[in-house]
Amino acid sequence: MSGLRGTGVSAGIAVGPAIVVERDTAPVFRLSVAPEQVEAEVGRLESAFELSREQLRAVKERLSREVGAPHAYIFDAHLLMLDDPLLRDRAVALVRTDRVNAEWALRCVSESLHDLFSQFSDAYLRERSTDLDDVVGRVQLNLRGSEEAPSLQRLPGPVVLVAGDLTPSEAAGLDWDRVLAVVTDVGSSTYHTAIIARSLGIPAVAGLKQATRLIPPGVLIAVDGTRGEVVVEPSGPALAALQEAQEEFRREEERLRGTRALPSRTLDDVVVRLEANVEFPEEAATAQQHGAEGIGLFRSEYLLGRGLRWPSEEQQVDVYRRLIEQMHPHPVTVRTWDVGLEALGPSGPSSPNPALGERALRLLHRSREPFRTQLRALLRAGRHGPIRIMFPFVSGAADLRLALDLLDEARSGLRSEGVDFEDDVPVGVNLEVPGAAMVADLLAPSVDFFSVGTNDLIQYLLAVDRTDPRVSALYEPLHPAVLRVLGQVAAAAQASGRPLSVCGEMAGQPLEAVLLVGLGIRELSMAPSAIPRVKAALRAVSAERARDVAGRCLLLPDRAEIEALLRRELPAEVIASEPARRSEATRPRG
Ligand code: PEP
Ligand code: MG
């Protein structure tokens with residue numbers, strides 16, 4: 001028996017025989033092409049691109065049919081990448097200028113794009129190299145006249161799939177009914193395969209580095225996607241313990257799923273709206289399954305994903321419309337681009353401290369176009385249902401005015417062009433810079449709603465870098481200063497009649513969620529999977545009791561005393577609804 005540790009990217013436990021995916025890595029030769037053969041070689045390359053496009057469309061359609069339309073979205077990006085002049089036109093140009101074979105031209109262009117991707121500081125964006133490999137690999141296979149890896153579509157019985165890197169195309173072609181679990185050498189939770197596995201409820205562990213080397217094909221392996229562990233050839237007792245844990249997980253999931261239809265209401269009938277935070281449109285389905293009453297935060301910058309390219313107005317309208325339709329009749333709150341300088345181009349200036357530098361609305365001073373396009377798309381999407389626009393990283397009234405002026409400009413532009421749009425889309429501010437939170441009362445007349453981004457608010461309020469594990473112990477959601485600011489914001493929102501939500505990770509922790517309700521907050525937005533536990537906690541306590549406890553917390557001097565009071569004074573069911581405590585999620589930002 002031996003164990004491997006990676007990142008659990010899809011919860012649950014599964015045990016089964018391993019099947020190790022070996023990728024076809026045929027060598028690519030460099031051949032020179034005679035001048036009179038060059039155009040034929042270009043034709044060969046173009047045909048391979050064309051065939052790849054047809055295959056991708058078919059994969060996308062199949063995925064829509066079998067798994068649901070939102071998952072097929074991944075392949076829109078592949079289709080876009082396939083047509084990207086940076087890939088296709090440059091490869092064609094290379095065949096002509098260097099008179100080389102199509103395979104070699106494609107290899108050269110893909111290598112230079114990999115170099116470009118590797119310069120990105122954002123791990124998510126760097127991971128898009130995988131998409132490039134997927135697209136280029138497909139074209140290379142088509143150049144060789146090969147079939148797409150057929151074994152993945154005909155798996156030999158229920159198996160645990162072990163792969164170096166499972167590309168989205170491969171994931172889409174998979175015979176998922178026979179996959180018990182997936183483990184990969186690379187990847188993290190933003191890995192596309194992880195997203196698909198999560199949506200399908202299949203346990204997955206990514207980032208194992210050496211799984212394909214250390215796991216012999218055919219052996220029994222146990223995958224714990226909750227803890228990020230893989231046990232190779234588990235001993236009898238270990239296997240029994242894992243199977244027991246597997247059963248327990250199943251029972252707990254079933255129990256929590258049962259709360260989906262239950263109202264999110266405290267014992268004294270105070271309604272608390274629970275919404276979901278999503279990064280990818282395909283997560284909307286998961287949000288619904290967990291009982292989300294809307295999307296409280298769509299981190300739109302994830303749409304830039306592959307290749308850090310701004311999606312067009314049409315592409316955005318399409319994404320926002322699909323989100324609205326999927327969540328109907330609940331609202332979808334889209335946060336406008338929360339990106340750093342790197343989004344304006346890899347060769348541009350960089351920020352010495354991106355968390356405090358030119359980011360989000362501050363980029364308006366350099367380039368208005370991406371924001372104008374996004375606002376136009378949001379206003380247009382508003383025709384299809386309830387959507388809300390939320391501006392991040394606002395530090396005060398001046399920032400907000402700039403954004404609102406641009407929104408007015410977008411409205412006038414659409415109106416003069418005769419384009420259909422919704423005039424009355426609610427506009428809000430993500431309160432995450434302490435300065436803005438302190439003047440929420442002054443911002444209130446200009447906005448329709450507020451949402452507190454506690455992830456950043458805590459980092460800025462306590463001067464603790466949320467991405468630095470060395471200071472993570474100082475990152476305290478229950479710090480008295482955090483509670484005071486939240487209490488002040490809640491009072492300002494109430495006085496001005498503006499709805500207020502909290503969309504940081506804090507909202508997804510049962511104990512903290514009850515405290516937030518005690519402070520007067522009635523909307524919470526969180527990772528979809530956190531919703532059932534938070535709902536269970538809220539249903540076990542009265543708002544009255546939460547208010548009383550929160551009031552006493554506000555008088556205490558430090559986190560330890562506040563936490564102790566919460567644990568002592570809140571009903572046992574609230575404490576029981578907590579998952580195993582984890583450090584506050586501190587997603588790195590780009
Ligand atoms: C926040 O800052 O709390 C937030 C919700 O946004 P992000 O984590 O994307 O910064
Ligand atoms: Mg933030």
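Along the sequence shown, residues are numbered consecutively beginning with 1. Order of listing sets the numbers, starting from 1, for every ligand and every atom in it. In this text the structure is predicted, and so the values were computed from the model without any measurement.
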Using distance alone, determine whether C503 and ligand 1 share an N or O pair under 3.5 Å.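 No: no nitrogen or oxygen of C503 is under 3.5 Å from one in ligand 1.
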Regarding ligand 1, does R299 bring an N or O atom to under 3.5 Å of one of the ligand's N or O atoms?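 Yes - when backbone and side-chain N and O of R299 are compared with those of ligand 1, one distance drops under 3.5 Å.
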First locate atom CD of E512, then atom CG of L483, and finally report the distance between them rounded to the nearest 0.5 Å.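 That separation rounds to 9.5 Å.
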What do you get for the angle at the Mg ion (ligand 2) between OE1 on E432 and OD2 on D456, to the nearest 10 degrees?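 OE1 of E432, the Mg ion (ligand 2) and OD2 of D456 span an angle of about 90°.
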For ligand 1, which atoms sit closer than 4.0 Å to a heavy atom of [X]?
X    : result
D456 : 1 (C), 2 (O), 3 (O), 10 (O)
L297 : 5 (C)
G504 : 3 (O)
G453 : 1 (C), 2 (O), 3 (O)

Counting heavy atoms only, name the option from R335, E432, E301 that's nearest to atom 7 (P) of ligand 1.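 That would be R335.
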Please check if atom CD in E561 has more than 12 non-hydrogen atoms from other residues, nucleotides or ligands closer than 6.0 Å.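 Check passes, neighbour count above 12.
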Test of understanding: given a 4.0 Å heavy-atom threshold, classify the contact between E505 and ligand 1 as side chain, backbone, both, or neither.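 E505 to ligand 1: no contact under 4.0 Å from either part.
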Where's the contact between N455 and ligand 1, heavy-atom distance under 4.0 Å: side chain, backbone, both or neither?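 For N455, backbone and side-chain atoms both sit under 4.0 Å from ligand 1.
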For I458, run the side-chain contact (heavy atoms from CB on, under 4.5 Å) check against N455, L461, D456, L462 and tell me which one passes.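 The single option meeting the side-chain contact (heavy atoms from CB on, under 4.5 Å) with I458 is L462.
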Is R388 close enough and on-axis enough to F449, meaning under 6.0 Å and within 45°, for cation-pi?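 Checked: cation-pi criterion met.
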Side chain of D448, backbone of V427: donor and acceptor closer than 3.5 Å?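 Yes.
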How are the rings of F298 and Y320 set to each other: parallel, tilted or perpendicular (split at 30° and 60°)?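 F298 vs Y320 ring planes: perpendicular.
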Would you mind telling me which of R545, R552, R547 makes a salt bridge (charged side-chain N to carboxylate O under 4.0 Å, His left out) with E569?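 Between E569 and the candidates, salt bridge (charged side-chain N to carboxylate O under 4.0 Å, His left out) is satisfied uniquely by R552.
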